[in-house]
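Notes to accompany the following structure.
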Amino acid sequence: MSSRTIVTIDREAVRRNVASVFARSNKQIFAVVKNNAYNLGMIEMVATLMEAGVRHFAVAEVYEAIEIKTNFPDSYVLAMNPASHFKEVRLHGVALGIPSLDWLTRHQADLSGIELHLKVNVGMNRFGVSSLQEALSVLETVREQDLALTGLYTHFPLADEPGADHDGQVERFLEITDVLRTKQSFPYIHAENSATIVKHDPRLAFCNYVRPGIFLFGYSPIEKMDWLIPSLRMTTEVVEIRQVEAGEHVGYGTSYTAPETIRVAVLPVGYGDGVVRGRSSLPVIINGKRYPIISKLFMSHTFIAIDSTVQIGDKVVLYGDGIEIDDITRTGTANNSEQMCARSWRLTHRYL
Ligand SMILES: *Cc1c(COP(=O)(O)O)cnc(C)c1O
């Protein structure tokens, strides 16, 4: 039996977003499908992305990479977190990121036959070599051990932060890569996440791949992009309607007090289903009309203020029809990946 709250994921939207990203960047795509493809279902999304022509995928962990390689032997998959389990990595043909010289030194004896992409740290301070000297020592180790270093990449943490020194971070990447590229060739060079792609930075023209995640699924971490098509829709139903008198509250606590006698609808969905509390910053839609969420969201229930036209059983749009994940994001109450990742798979999901 299906839940009354239904999630619909639009695969055609994803395919069209791929085409748009490709047209705008004019580069091949390393699709980031970490965290179950931003919680849209990794296997379904990889299949959809492959239909749209994508062959290269990036994930955080080796187990995710192996799942992709097992289901899609034609794919190329890079696991970016510091890895172990090198026997399985080699067996499944997964490529690995080099997070530091130290990691490479510790594991050099286990890495033969595994493709490696060297990561450069430009300021996130998560993974990657941080100096030219460290990068050159990596190249030396690779040469001594006869390892397969085929990729070079970085990640820009300030691309979606207005006023931050993103430019300086691009310069740091260039300082290191300009030298490395004189030492050997790299078939895969990738740096641009979604927010960086739309900067069209000519200094990054030498990167032959872009590495977007959120754009592919139709959402923007920066300003509104009218060419993106949201892939996720969520609807529920009114399960109860009641009159609430002036001065009364709804749900737990006193976060809402009725200013006058109002009509209230109860929805069977809440933060337990992964609808984040920030969702209450914008209305829901019933029969094309907007109604405000009142009080906080609760674990399994949400309250809305309605007019006399709303009836029990009416369909309620939580995401879709012009109120999208990005619109909540722009209220500053919950970012878009957070809203996607919070959503529970206990809800009934349908792929279009
Ligand atoms: C998540 C991630 C991306 C994709 O970022 P988006 O903002 O979703 O495009 C790219 N590279 C790395 C290393 C990431 O962790």
Side-chain angles (χ1 to χ4, degrees), residues 13-35 37-38 40 42 45-46 48-60 64-65 68 75-80 95 97 115 117-124 126-128 150-161 166-167 169-174 176-178 180-181 185-229 231 326 336-337 340:
V14 174
R15 288 189 289 263
R16 287 170 64 184
N17 291 328
V18 169
S20 297
V21 167
F22 182 67
R24 261 151 234 275
S25 65
N26 212 10
K27 294 179 180 186
Q28 295 191 74
I29 294 173
F30 246 103
V32 180
V33 290
K34 65 188 177 202
N35 200 73
Y38 292 54
L40 295 178
M42 187 179 72
M45 287 298 103
V46 170
T48 304
L49 292 161
M50 287 191 80
E51 284 161 18
V54 177
R55 288 292 173 275
H56 299 79
F57 299 90
V59 290
E64 302 174 284
I68 297 176
S75 63
Y76 183 100
V77 190
L78 171 68
M80 299 187 287
E115 270 196 49
H117 291 214
L118 174 57
K119 184 159 201 180
V120 176
N121 170 36
V122 295
M124 183 168 260
R126 188 168 67 179
F127 309 122
T150 58
L152 195 53
Y153 72 116
T154 191
H155 192 37
F156 295 117
L158 301 179
D160 55 3
E161 186 94 356
H166 168 74
D167 270 356
Q169 301 201 332
V170 174
E171 288 302 325
R172 279 205 226 175
F173 185 51
L174 298 178
I176 293 179
T177 54
D178 281 353
L180 297 188
R181 289 164 60 226
S185 68
F186 295 89
Y188 307 100
I189 309 183
H190 45 103
E192 295 142 283
N193 62 352
S194 297
T196 315
I197 287 170
V198 287
K199 292 180 187 286
H200 302 289
D201 190 334
R203 292 172 298 176
L204 296 173
F206 70 99
C207 302
N208 56 346
Y209 286 77
V210 290
R211 204 179 57 247
I214 194 87
F215 270 3
L216 304 175
F217 309 118
Y219 302 103
S220 170
I222 43 176
E223 68 270 17
K224 198 173 175 71
M225 302 282 157
D226 54 14
W227 49 274
L228 286 174
I229 307 169
S231 57
D326 275 358
N336 44 18
S337 309
M340 294 168 79

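These numbers were taken from a predicted model, which means no experiment stands behind them. Atoms considered below: every heavy atom in the structure, side chains included; atoms not considered: hydrogens, waters and symmetry mates.
- The backbone N or O of Gly123 sits less than 3.5 Å from a side-chain atom of Asn121, completing a donor-acceptor pair.
- Closest approach of Leu40 and Ser231 over heavy atoms only: CD1-OG, 3.6 Å.
- Residues Val54 and Ala31 share a closest heavy-atom pair of CG1-CB, 3.9 Å.
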Legend entry - Tyr209 and Gln28: CA distance, side-chain angles, deciding distance, side chain to side chain contact (heavy atoms under 4.5 Å, CB included) verdict: CA-CA 5 Å; Tyr209 286 77; Gln28 295 191 74; 3.4 Å; yes

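- Annotation for Arg16: atom CZ does not count as buried by contact number, only 12 or fewer foreign heavy atoms lying within 6.0 Å.
- Tyr153 contributes atom OH, which lies 13.0 Å from atom CZ of Phe186 (distance to the nearest 0.5 angstrom).
- Side-chain contact between Val122 and Phe156 is present, with at least one heavy-atom pair separated by less than 4.5 Å.
- Under the salt bridge (charged side-chain N to carboxylate O under 4.0 Å, His left out) criterion, Arg15 pairs with Glu12, Glu51, not counting sequence neighbours.
- Pairs engaging residues 208-223 under the salt bridge (charged side-chain N to carboxylate O under 4.0 Å, His left out) rule: none recorded [sequence neighbours left out].
- Side-chain contact between Asn336 and Phe217 is absent, with no heavy-atom pair separated by less than 4.5 Å.
- Atom NE2 in His117 sits 10.5 Å away from atom CD1 in Ile189 (nearest 0.5 Å).
- Residues Tyr76 and Tyr188 bring their aromatic ring centres within 6.0 Å.
- Contacts classified as side chain to side chain donor-acceptor pair (under 3.5 Å) and involving residues 196-206 (residues at least two apart or in different chains) are given here: Asp167-Arg203, Glu171-Arg203, Asn193-Thr196, Asp201-Arg203.
- Phe173 contributes atom CZ, which lies 9.5 Å from atom CG of Asp178 (distance to the nearest 0.5 angstrom).
- The distance from the CZ atom of Phe30 to the CZ atom of Arg55 is 13.5 Å, given to the nearest 0.5 Å.
- In this structure, Met45 and Tyr38 have side chains that are not in contact, with every pair of non-hydrogen atoms separated by 4.5 Å or more.
- Separation of the His190 and His56 ring centroids does not fall under the 6.0 Å cut-off.
- Under the 4.5 Å side-chain criterion, counting only non-hydrogen atoms from C-beta, Thr154 is not in contact with Ile176.
- Put simply, the side chain of Phe206 reaches to within 4.5 Å of the side chain of Arg181, judged on heavy atoms.
- Looking at Ser25 and Glu192, their side chains never come closer than 4.5 Å, going by heavy atoms from C-beta outward.
- Residues Met80 and Arg126 are not in side-chain contact: their nearest non-hydrogen atoms beyond the backbone lie 4.5 Å or more apart.
- Taking all atoms of both residues into account, the shortest heavy-atom contact from Ser194 to Ile214 is OG-CG2, 3.4 Å.
- In this structure, Thr150 and Pro187 approach most closely via the heavy-atom pair O-CD, 2.8 Å.
- Atoms CG and OG, on Leu49 and Ser75 in that order, are 11.5 Å from each other to the nearest 0.5 Å.
- Across all non-hydrogen atoms, the minimal contact from Leu78 to Gly97 is CD1-N, 3.6 Å.
- Across all non-hydrogen atoms, the minimal contact from Thr177 to Leu152 is CG2-CD2, 3.7 Å.
- Atom CE in Met225 sits 15.0 Å away from atom OH in Tyr219 (nearest 0.5 Å).
- Proximity of Glu64 to Val33: side-chain heavy atoms (C-beta onward) are nowhere separated by under 4.5 Å.
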